[in-house]
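Working notes, beginning with the structure itself.
First listed ligand is number 1; within each ligand, the first listed atom is number 1.
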Amino acid sequence: MKIHEYQARALLAGADIPVPDGDMVTSVEDAVLAAERLLTESPPVIVVKAQVHAGGRGKAGFVKVVRTVDEVKEAATFMLGNRMVSPQTPPEGFEVDRLLIAAGVDIEREIYLAITTDRGARTNTLIASAEGGVEIEQVAEKRPEAILKVPMDPLDGLSPFQARDLAFQLGLGGRQVRQFVAVAMNLAHLFVETDASLAEINPLVITPASEACPDGQVIAIDAKFNFDDNALFRQQAIAELFDPREEDADELRAKEAGLNFVALDGSIGCLVNGAGLAMSTMDIIKLHGGEPANFLDVGGDASQEAVTEAFRIILAEGTVKGVLVNIFGGIMQCDRIARAIVAAAEEVGFTVPLIVRLEGTNVDAARAVLEEAQDRLPTMRTATDLGDAAKQVCAAVG
Ligand code: GDP
Ligand code: MN
């Protein structure tokens, strides 16, 4: 589960990681009020930032550093009135309905700091770079040696000496070191406590030296978190941060029906029981020159309701030109699923080719059910095996 930057900043602040003051707003009027408040309290720089579940906002023009209320008004009007398109969004972009109006900071250096699980090393890993900011993806691609990685002990977590060592490798000095160590240690605790799968601060900035901070201040001005969905049952405060408007509408519907669904770009809808079978179904469609429109696992004990909802979701996308149903009856009995398919297909109603491949327990009874329904479902064809099913559906969609 992802959250917004303003929510992530609140988590950081709660973990004693410095972040600038700011307000989340949903209208231009409130953006102006927030800016007026900040301008009376902070240095005269304001950042207007679109709150969407995608990065690359800076380059897309959806992070604006400004100095006056009029400029805040202009930036807020633009962001709330246009969709944001970045390399991290779909081509049509995301609608923006929330903004963060935050106190701006002067930047001396931008550092990248994140924690995620390194599956290869089987540890949570602190990742850092002295070259943080909006170019971090290019840095990672072109000069991977500029990305530092520190494995965290599974039991002890991050050790202060590791954080200090990292601070020196990043070229920090003086009072910056102690501040950085505190940020890294607090972030490591927060990561574990909240069952995060990603905790990223980019950039973590060093401000120029001032009287109050002779070596500058270490402060987080952007943050991104991802949480393990399987842990949300014990993370109520995190679960409450969920914003359904940021989710794919079909994926949300599927989740509510207990289906495991991922939308894809192709034209062949897939309805399969079991994630492994769903993967191999997608593979074999591709082998025969087709493109799957989705990944859909109805689970091992799919009910008629679940199958019906699955058909609805698959067919809701006008882009689906054919549907492949691939069910292996293990615990599930094929004749039960065949009746569910027929009932669901009749209820939802469709005109695209439907290829059904069933195998396993009670498969003969299931074939009889499908045969009996053939007249009512003229676009339905049965397949003898998975290869035949994939060939048929690819041929049917052209
Ligand atoms: P992202 O592009 O979605 O990652 O958005 P960020 O919040 O990271 O902002 C992008 C860039 O805008 C940062 O790397 C900074 O260079 C700049 N920026 C953001 N906030 C401030 C600020 O308070 N002051 C200054 N001077 N620049 C900022
Ligand atoms: Mn950023």
| request: Measure the distance from atom 6 (P) of ligand 1 to every protein heavy atom, then report the residue, atom name and distance (to 0.1 Å) of the closest one. | output: D222 OD2, 3.5 Å
| query | Does D297 use its side chain to pair, donor to acceptor, with the backbone of G274 at less than 3.5 Å? | reply | yes
| request: For salt bridge (charged side-chain N to carboxylate O under 4.0 Å, His left out), just list the numbers for E309 and R253, CA-CA rounded to whole Å, side-chain angles, deciding distance to a tenth of an Å, and then say yes or no. | output: CA-CA 9 Å; E309 186 65 358; R253 260 176 82 179; 3.2 Å; yes
| query | Does the Q7 side chain pair with the main chain of K2, one donor and one acceptor, at a distance under 3.5 Å? | reply | no
| query | What is the nearest protein non-hydrogen atom to atom 14 (O) of ligand 1, stated with its residue, atom name and distance? | reply | E110 OE1, 2.6 Å
| task | Heavy atoms only: give me the nearest L80-V28 pair and the separation to one decimal. | result | CD1-N, 3.8 Å
| Nearest non-hydrogen partners of H53 and F94, listed with the distance | O-CE1, 3.8 Å
| query | Going by the atom numbers of ligand 1, which of them fall below 4.0 Å from some non-hydrogen atom of G58? | reply | 1 (P), 2 (O), 3 (O)
| Any N or O of R57 that comes nearer than 3.5 Å to an N or O of ligand 1? | yes
| note | the protein heavy atom lying closest to atom 9 (O) of ligand 1 turns out to be V63 CG1, 3.8 Å
| Salt bridge present between D118 and K149 (N-O < 4.0 angstrom) | no
| Would you call the rings of F350 and F311 parallel, tilted or perpendicular, where under 30° means parallel and over 60° means perpendicular? | parallel
| message | Give me each pair satisfying salt bridge (Lys or Arg N to Asp or Glu O under 4.0 Å) with a member in residues 45-58, each pair once, sequence neighbours excluded. | response | E5-K49, E5-R57, R57-D222
| query | Do any nitrogen or oxygen atoms of K49 lie less than 3.5 angstrom from nitrogen or oxygen atoms of ligand 1? | reply | yes
| message | With heavy-atom distances below 4.0 Å as the criterion, list the atoms of ligand 1 near V134. | response | 2 (O), 10 (C), 11 (C), 14 (O)
| task | Return the number of protein N, O or S atoms with a distance to the Mn ion (ligand 2) smaller than 2.8 Å. | result | 2
| request: Could you pull out all residues at least two apart from E141 that satisfy side-chain hydrogen bond (donor to acceptor under 3.5 Å, both in side chains)? | output: none
| task | Would you check, one step at a time, whether the test side chain to side chain contact (heavy atoms under 4.5 Å, CB included) holds for S197 with T117? | result | CA-CA 7 Å; S197 53; T117 305; 5.6 Å; no
| said: If the cut-off is 4.0 Å to any non-hydrogen atom of P203, which atoms of ligand 1 fall inside it? | reply: 8 (O), 14 (O)
| Protein residue, atom and distance nearest to atom 20 (N) of ligand 1, heavy-atom basis | I221 CD1, 3.4 Å
| task | Please identify each residue that fulfils salt bridge (charged side-chain N to carboxylate O under 4.0 Å, His left out) with E131, with sequence neighbours left out. | result | R143
| request: For G104, take its heavy atoms, then give the atoms of ligand 1 lying under 4.0 Å from any of them. | output: 23 (O)
| query | Any N or O on V105 sitting closer than 3.5 Å to an N or O of ligand 1? | reply | yes
| task | Please report which non-hydrogen protein atom sits nearest to atom 27 (N) of ligand 1, along with the residue it belongs to and the distance in Å to one decimal place. | result | I107 CD1, 3.3 Å
| request: Could you see which bit of D106 sits under 4.0 Å from ligand 1, with heavy atoms only: side chain, backbone, both or neither? | output: neither
| note | When I127, D165, L170 are each screened for side-chain contact (heavy atoms from CB on, under 4.5 Å) with L148, the one that passes is L170
| query | Counting distance only, does the side-chain N/O of Q176 pair as donor-acceptor with the main-chain N or O of G173 below 3.5 Å? | reply | yes
| remark: For N202, the ligand 1 atoms with a heavy-atom partner under 4.0 Å come out as 8 (O)
